[in-house]
Amino acid sequence: MSKFYITTAIIYTNGPPHSGFAFELIQADVLARYRRLLGDDTFFLTGTDEHGSTVVKAAEKAGVEPQIFVDKIAKQVQELIRILNISNDDFIRTSDQKRHWPTAMKIWQLIEQNGDLSKKKYKGLYCVGHESFIKKTDLVNGVCPLHQTEPEEIEEENYFFKLSKYKKEIKRKIESDELKIVPETRKTEILNLIEDAEDVSFSRSRSVLKWGIPVPNDPEQTQYVWTDALTNYLSALGYADNDARFKKYWPADVHLIGKDILRFHALYFPAMLMSTGLELPKAIYVHGFITIEGQKMSKTVGNVIDPLELIKKYGTDVVRYFLLREIPSGEDGDFSYKKLEERYNGDLANGLGNLTQRVVTLIDTKLNGELIYKYSLVEKEVKKKTEYIFKEYIKNIDNFALHEALGRVWELIGYGDKYMDEKAPWKAIKHDEAEFLKIMNNALYILYNVAWMLVPFLPETADNIFNAMGADRDVKSLDDYKFKVQKTAGLFPRLQ
RNA sequence: GUCGGUGUAGCUCAGUGGUAGAGCACUUCCCUCAUAAAGAAGUUGUCGCAGGUUCGAUCCCUGCCACCGACACCA
């Protein structure tokens, strides 16, 4: 048994969580549930990134203190996690002074002791709208193109981190897949920009940024987001206390992130870890963005989809299914109600739900609901097909192609439907009961495998199928097991 | 500007140096265990454009066009 530590990015708490983060949570959840199924000692972390001036601004707008504001958002995030049926083992918040801050402080100190932080005067053009420095080359006619304002020239003294010192080694590790970046295009992307990466500012003056973690032994400075936020992956495991949990689970096996924060996870964070002498994560999985009806999700356009509403309307597993199947892992994908309903009727109702129902009904009506399963009755062809699909399913999950893995499950469902039609058990029952039993044995075999493969993706649905079949998930051997089917109204009633 | 990606059926996408594929949609047939579900057969393509290499290119090379992304200490 091996360990498996997986994280999502921590979501920024300047507003309610959006469906993009929901998608990230769901993907990580599939990977975590899958690993548990394989028997790995799995630890699945998510959380919230709660500092920074954007949060302060949002809190001001809401007329509350930052802490009150982020408490509320963190609660919403946790509610979303509950509703999405996410199996995270922990939830870390960067404003947690007990659990998180000691790690951020310790990491800072270690980096500093290693000589990788130095104070530098920084003169630059500061855009008030951006709340950050912008480059001269970004200006259009002397004004910030985004805010149409002239930037002020200000001088600030900050700590800078010697990223350059670690570039070569990081490049080597990424090239050799020691630090694996999936998909390949993201790996290429980061390798292309690694040469030009400059040293990074790691702090802000306290007068500019109060809402954050202080720099140790320097009351004038606040830690900037890198040591503040990225260290959550360490703090949650109890790094500062040298917790047994940390020893057991670090390094992370997978950091699941969006494509927008690849740079920070593939460059800054590894460099920080190298500076502190910690092991690097094994892999970074990068997912894309969800567009809505082909358009970028944006609050101004007003096309933001609230995941809670979606779930309220269709149900958790329907939303999980749609996102996992329709949006390729590692790429962008599009959401639309039309596509969702097509997937629902085509795949869930006509496919999975209907196959389950026809198998259950036959056993219910022809056998009084009971069938004693005999493994020896499973046909060679059926076994071969199922095992082949299972292998492909595994391969795809391991390659972070969750949509493909799900596609394989539906291939087996299609095979099951075809099997039923070809064997026509409703005819067999009239003249050959042994043949009927054999067919239903095979049908149960297929459905049982389908249910197992769905466990990581659609946990509730998988349970429903097990229940409908009257199957015991924990039974060691199915041979001679007595299935007692429970006929219900059906898993996914068709939408009109 | 630099780097990278994409362009294949009505839609979403797979794919290979040798007669173009899947799912959805559509048409016809068939079944009746099942959620007006399932199964079978079928229709649809200048594989972005123009050149080149090759016996042969959708695939390799060059150029072009279109769209997208990264190169910004926004998180």
Side-chain angles (χ1 to χ4, degrees), chain A residues 9-15 49-55 122 124 127 129-135 137-138 145-146 158 160-161 163 183-204 224-226 228-229 258-264 268 288-289 291 296 325-328 331-334 336 338-339 342-343 345-366 403-404 407 410-411 413-414 416-429 436 439-440 443 487 489-496:
Chain A
I10 47 178
I11 183 173
Y12 199 59
T13 51
N14 64 336
D49 173 13
E50 307 188 350
H51 291 137
S53 46
T54 310
V55 160
Y122 185 92
C127 169
H130 271 87
E131 292 184 354
S132 73
F133 292 96
I134 59 176
K135 284 191 171 173
T137 50
D138 289 335
L146 214 70
N158 295 139
F160 274 75
F161 173 65
L163 180 64
E184 192 79 19
T185 56
R186 297 295 162 203
K187 175 177 168 181
T188 312
E189 192 177 299
I190 203 78
L191 285 173
N192 280 337
L193 61 81
I194 202 164
E195 297 291 350
D196 299 327
E198 293 171 14
D199 288 351
V200 194
S201 160
F202 259 37
S203 72
R204 286 286 181 274
Y224 194 52
V225 62
W226 317 125
D228 175 313
K259 61 182 183 179
D260 51 337
I261 53 174
L262 171 62
R263 188 186 170 86
F264 316 137
Y268 301 177
F289 292 156
T291 56
K296 239 181 201 173
R325 179 77 193 269
E326 183 72 23
I327 301 177
E331 286 174 53
D332 291 350
D334 190 52
S336 76
K338 182 167 172 268
K339 279 182 195 159
E342 274 172 10
R343 283 287 183 194
N345 276 338
D347 296 352
L348 295 175
N350 299 349
L352 178 61
N354 187 53
L355 177 64
T356 305
Q357 195 72 342
R358 60 197 303 206
V359 172
V360 166
T361 302
L362 279 166
I363 294 173
D364 183 54
T365 57
K366 312 291 186 197
H403 60 299
E404 297 277 4
W410 258 260
E411 193 182 331
I413 290 169
D417 269 326
K418 199 168 160 179
Y419 179 85
M420 293 289 279
D421 278 304
E422 273 171 10
K423 302 289 176 174
W426 53 92
K427 277 183 192 159
I429 185 72
F436 177 77
I439 298 165
M440 294 319 293
K487 195 166 186 250
L491 302 175
F492 299 100
R494 257 185 86 87
L495 300 169
Q496 290 314 311

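This one's a predicted model, so the numbers in the text were calculated from it and none came from an experiment. Note: hydrogens, waters and symmetry copies are ignored here, and every other heavy atom, side chains too, is used.
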Value in whole Å for how far the [atom2] atom of [N] lies from [atom1] of [X]:
X: A:Trp426; N: B:A34; atom1: CH2; atom2: C1'; answer: 9 Å
X: A:Phe264; N: B:A72; atom1: CZ; atom2: P; answer: 11 Å
X: A:Leu163; N: B:A72; atom1: CG; atom2: P; answer: 13 Å
X: A:Trp226; N: B:A75; atom1: CH2; atom2: P; answer: 7 Å
X: A:Leu262; N: B:G4; atom1: CG; atom2: P; answer: 17 Å
X: A:Glu342; N: B:C11; atom1: CD; atom2: P; answer: 13 Å
X: A:Glu411; N: B:A14; atom1: CD; atom2: C1'; answer: 13 Å
X: A:Asp196; N: B:G1; atom1: CG; atom2: P; answer: 18 Å

Ignoring hydrogens and angles, tell me if any N or O in the side chain of [X] forms a donor-acceptor pair with the backbone of [Y] under 3.5 Å.
X: A:Tyr419; Y: A:Gly414; answer: no
X: A:Asn345; Y: A:Leu495; answer: yes
X: A:Trp410; Y: A:Asp347; answer: yes
X: A:Ser203; Y: A:Phe160; answer: no

Using a 4.0 Å heavy-atom cut-off, does [X] contact any base of the nucleic acid, only the sugar-phosphate backbone, or nothing at all?
X: A:Ile190; result: nothing
X: A:Thr361; result: sugar-phosphate
X: A:Asp417; result: sugar-phosphate
X: A:Phe202; result: nothing
X: A:Pro493; result: base
X: A:Glu189; result: sugar-phosphate
X: A:Asp260; result: base
X: A:Phe436; result: nothing

Checking contacts here: which listed nucleotide ([options]) is nearest the side-chain heavy atoms of [X]?
X: A:Glu326; options: B:U35, B:C33, B:U12; value: B:U12
X: A:Phe160; options: B:C73, B:U35, B:A75; value: B:C73
X: A:Arg263; options: B:C33, B:C73, B:A34; value: B:C73
X: A:Leu193; options: B:C73, B:C31, B:A70; value: B:A70
X: A:Thr185; options: B:U32, B:A34, B:G5; value: B:G5
X: A:Asp421; options: B:C33, B:C74, B:A40; value: B:C33
X: A:Thr188; options: B:U12, B:G4, B:A34; value: B:G4
X: A:Lys427; options: B:A34, B:C31, B:C33; value: B:C31
X: A:Tyr224; options: B:C74, B:U32, B:C33; value: B:C74

Taking atom [atom1] in both [N] and [M], what distance in whole Å separates the two?
N: B:G39; M: B:U53; atom1: C1'; result: 48 Å
N: B:G5; M: B:A57; atom1: P; result: 25 Å
N: B:A9; M: B:G42; atom1: C1'; result: 14 Å
N: B:U16; M: B:G52; atom1: P; result: 26 Å
N: B:A40; M: B:A14; atom1: C1'; result: 24 Å
N: B:C65; M: B:C55; atom1: C1'; result: 31 Å
N: B:U6; M: B:U58; atom1: C1'; result: 15 Å
N: B:U32; M: B:G45; atom1: P; result: 36 Å

Between the side-chain atoms of A:Arg204 and the base atoms of B:C73, is any donor-acceptor pair under 3.5 Å?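 Counting by modelled atom types and ignoring angles, a donor-acceptor contact under 3.5 Å is found here.
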Can you check whether [X] has a side-chain N or O nearer than 4.0 Å to OP1 or OP2 of [N]?
X: A:Asn192; N: B:U2; answer: no
X: A:Lys423; N: B:G39; answer: no
X: A:Arg358; N: B:U35; answer: no

Would you sketch RNA chain B in dot-bracket for me? Only Watson-Crick or G-U wobble pairs with both distances under 3.5 Å count, crossing pairs as [ ], other-strand pairs as |, the rest as dots. (((((((..((((....[..)))).((((.........)))).....(((((..]....))))))))))))....
Write down the atom of A:Lys339, the atom of A:Asp334, and the distance for their closest heavy-atom approach.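 Closest heavy-atom pair between A:Lys339 and A:Asp334: NZ-OD2, 3.1 Å.
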Please walk me through it: do A:Asp260 and A:Phe289 pass side-chain contact (heavy atoms from CB on, under 4.5 Å)? CA-CA 9 Å; A:Asp260 51 337; A:Phe289 292 156; 3.6 Å; yes
Taking the nucleotide of RNA chain B with the nearest heavy atom to each, does A:Gly346 or A:Arg343 sit closer to the 5' end? A:Arg343
Classify the ring geometry of A:Phe264 against A:Trp226: parallel below 30°, tilted from 30° to 60°, perpendicular beyond 60°.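 Tilted.
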Check against side-chain contact (heavy atoms from CB on, under 4.5 Å), A:Arg358 and A:Asp417: CA-CA 9 Å; A:Arg358 60 197 303 206; A:Asp417 269 326; 2.6 Å; yes
Does A:Arg186 come within less than 4.0 Å of A:Glu189, counting only side-chain N to carboxylate O? yes
Among A:Val55, A:Ile11, A:Val225, find the one that has a side chain to side chain contact (heavy atoms under 4.5 Å, CB included) with A:Asp49.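 So, applying the side chain to side chain contact (heavy atoms under 4.5 Å, CB included) to A:Asp49 and each of A:Val55, A:Ile11, A:Val225, only A:Val225 qualifies.
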When rounded to the nearest 0.5 angstrom, what is the spacing between CE in A:Met440 and CD1 in A:Ile429? 9.5 Å
